[in-house]
Asker: 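Mind looking over this structure? Questions follow.
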Amino acid sequence: MNTTTLTKTPRWPARALWSLGALMSLGIVAYAARYLLHPPRTSAEALGNPLGVPWLVVHVAGAAIALLLGSLQFLPGLRKIGGHRWIGRVYVLGCLVGGVAGLILAPGSFAGPIATAGFGSLALIWIAVTLLGWRAALDRRFVDHRRWMIRSWALTLAAVTLRLYLPAVQILDLPFLPWYRAISFLAWVPNLLVAELWLRNEARRMSDHQ
Ligand code: HEM
């Protein structure tokens, strides 16, 4: 097994990206907690989503756990003290619960079929990529595991990017509904591309050093 990428100290761009992702994740968890503290009782209170009661709370609970724990998993110190495995299991559970509930919510989006396709495909890919990462860990294919989990975290961060784009739409005074539909894709496709480019770049650097 090639463990080099698992043990070496992260370079500064990786640290900067990680810190930004971790900080913004905390902000979104704090924002999302309002749904857990005051669960919507009607679909009107759940973004007008007819499937919002009870699925929005289930979605937010699972997804918030994933968002809270995802960034911790990249800390090498956590692996040394043995927390990585248990936190990883809870992260996977959070992704599965958040993803399945997200998949159920998607057809009810007030923004119609394009948003259903955007959020629905995100949910499916999020679940698939996370399960592939988990499977790789069970098989002790740790290099593959790390690569799948980097993709999974990039998708978890869709919750962050979505909530960066939405205020931008308001500030720029753009028409909300078409942009909301576009954001159901923009929130995650670029994240996945960045993760993919990052992984390719890293693989190239590794082969240059061999
Ligand atoms: C990455 C996969 C995710 C998918 C597929 C997904 C899907 C969805 C869908 C379909 C809705 C309803 C939108 C509508 O009715 O128009 C929604 C709302 C919401 N989701 Fe997610 N979501 C994901 C990640 C997350 C994460 C990681 C969080 C973090 C806590 C989160 C928090 C929320 C919140 C708070 C809402 C209510 C909308 C708002 O107040 O902004 N989601 N999500």
Side-chain angles (χ1 to χ4, degrees), residues 1-29 62-96 98-99 102 118 121-165 183 185-210:
M1 180 185 68
N2 180 359
T3 53
T4 322
T5 52
L6 300 174
T7 52
K8 71 175 181 166
T9 311
R11 287 151 27 101
W12 77 261
R15 281 191 205 170
L17 209 63
W18 178 86
S19 309
L20 198 68
L23 257 180
M24 293 201 296
S25 297
L26 285 181
I28 298 304
V29 170
I65 288 174
L67 205 51
L68 205 59
L69 299 182
S71 48
L72 297 181
Q73 291 299 82
F74 296 97
L75 294 173
L78 199 70
R79 275 196 295 278
K80 282 186 201 133
I81 60 168
H84 183 84
R85 189 169 288 194
W86 274 103
I87 294 180
R89 287 176 183 146
V90 182
Y91 170 82
V92 169
L93 193 66
C95 292
L96 295 182
S121 44
L122 165 61
L124 281 174
I125 295 172
W126 195 34
I127 293 169
V129 160
T130 307
L131 285 177
L132 284 167
W134 185 35
R135 179 78 248 176
L138 293 179
D139 293 346
R140 306 186 70 75
R141 289 180 286 112
F142 294 118
V143 173
D144 284 348
H145 165 64
R146 177 176 171 274
R147 292 172 68 84
W148 283 118
M149 285 312 191
I150 284 175
R151 295 179 183 112
S152 170
W153 191 51
L155 292 171
T156 306
L157 288 180
V160 173
T161 37
L162 179 115
R163 286 162 193 93
L164 291 177
Y165 295 141
I183 285 170
F185 288 93
L186 288 174
W188 63 273
V189 176
N191 294 14
L192 203 51
L193 286 177
V194 169
E196 216 50 54
L197 287 175
W198 179 280
L199 290 170
R200 267 165 205 232
N201 205 10
E202 187 182 68
R204 215 186 32 240
R205 275 203 321 270
M206 298 284 299
S207 66
D208 287 351
H209 282 289
Q210 275 165 8

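What you see is a predicted model, and the numbers here were worked out from it, not measured in a lab.
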Asker: Please tell me if the side chains of Leu26 and Leu68 come closer than 4.5 Å, counting only heavy atoms from C-beta onward.
Answerer: yes
Asker: Under 3.5 Å, is there a donor-acceptor pair between the side chain of Arg147 and the main chain of Val143?
Answerer: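 Here the side-chain-to-backbone pair does not exist.
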Asker: Who pairs with Arg204 by side chain to side chain donor-acceptor pair (under 3.5 Å), at least two apart in sequence or on another chain?
Answerer: Asn201
Asker: For side-chain contact (heavy atoms from CB on, under 4.5 Å), just list the numbers for Arg15 and Trp18, CA-CA rounded to whole Å, side-chain angles, deciding distance to a tenth of an Å, and then say yes or no.
Answerer: CA-CA 5 Å; Arg15 281 191 205 170; Trp18 178 86; 5.6 Å; no
Asker: Tell me, please, which residues at least two apart from Val90 pass side chain to side chain contact (heavy atoms under 4.5 Å, CB included).
Answerer: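 Applying side chain to side chain contact (heavy atoms under 4.5 Å, CB included) to Val90 gives Ile65, Leu69.
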Asker: If I take atom CG from residue Asp139 and atom CG from residue Asp144, how far apart are they, to the nearest 0.5 angstrom?
Answerer: 9.0 Å
Asker: Name every donor-acceptor pair, under 3.5 Å, that has one atom in a side chain of residues 150-157 and the other anywhere in the protein, sequence neighbours excluded.
Answerer:
unit_1, atom_1, unit_2, atom_2, d
Arg151, NE, Glu196, OE1, 2.9
Arg151, NH2, Glu196, OE2, 3.0
Ser152, OG, Tyr91, OH, 2.7
Ser152, OG, Thr130, OG1, 2.9
Thr156, OG1, Tyr91, OH, 2.9
Thr156, OG1, Trp126, NE1, 2.9
Thr156, OG1, Ser152, O, 3.0

Asker: Quick one: does Trp148's side chain have a donor or acceptor within less than 3.5 Å of a partner on Leu131's backbone?
Answerer: no
Asker: Using every non-hydrogen atom in the two residues, find where Ala66 and Cys95 come nearest and quote the distance to one decimal.
Answerer: CB-SG, 3.8 Å
Asker: So among Arg79, Met149, His84, which one has a side-chain contact (heavy atoms from CB on, under 4.5 Å) with Gln73?
Answerer: His84
Asker: How close do Leu72 and Leu78 get, counting heavy atoms only, and between which atoms?
Answerer: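 Here Leu72 and Leu78 meet closest at O-CD2, 3.5 Å.
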Asker: Please say which of Leu96, Val92, Leu132 ends up in a side-chain contact (heavy atoms from CB on, under 4.5 Å) with Ile127.
Answerer: Leu96
Asker: Measure across Ala158 and Trp188 and return the closest heavy-atom pair with its distance rounded to 0.1 Å.
Answerer: CB-CB, 3.9 Å
Asker: Restricting to side chain to side chain donor-acceptor pair (under 3.5 Å), what partner residues turn up for Thr161, sequence neighbours left out?
Answerer: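 Asn191.
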Asker: Which atoms form the tightest heavy-atom contact between Phe185 and Pro190, and what is the distance?
Answerer: O-CD, 4.0 Å
Asker: Apply side chain to side chain contact (heavy atoms under 4.5 Å, CB included) to Trp198 and list each qualifying residue two or more places apart in sequence or on a separate chain.
Answerer: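 With neighbours one apart ignored, the set is Pro13, Ala14, Leu17, Glu202.
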Asker: Going by salt bridge (charged side-chain N to carboxylate O under 4.0 Å, His left out), name the pairs with one or both residues in residues 19-29, residues two or more places apart or in two chains.
Answerer: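 Checked against salt bridge (charged side-chain N to carboxylate O under 4.0 Å, His left out) - neighbours excluded - no pair reaches residues 19-29.
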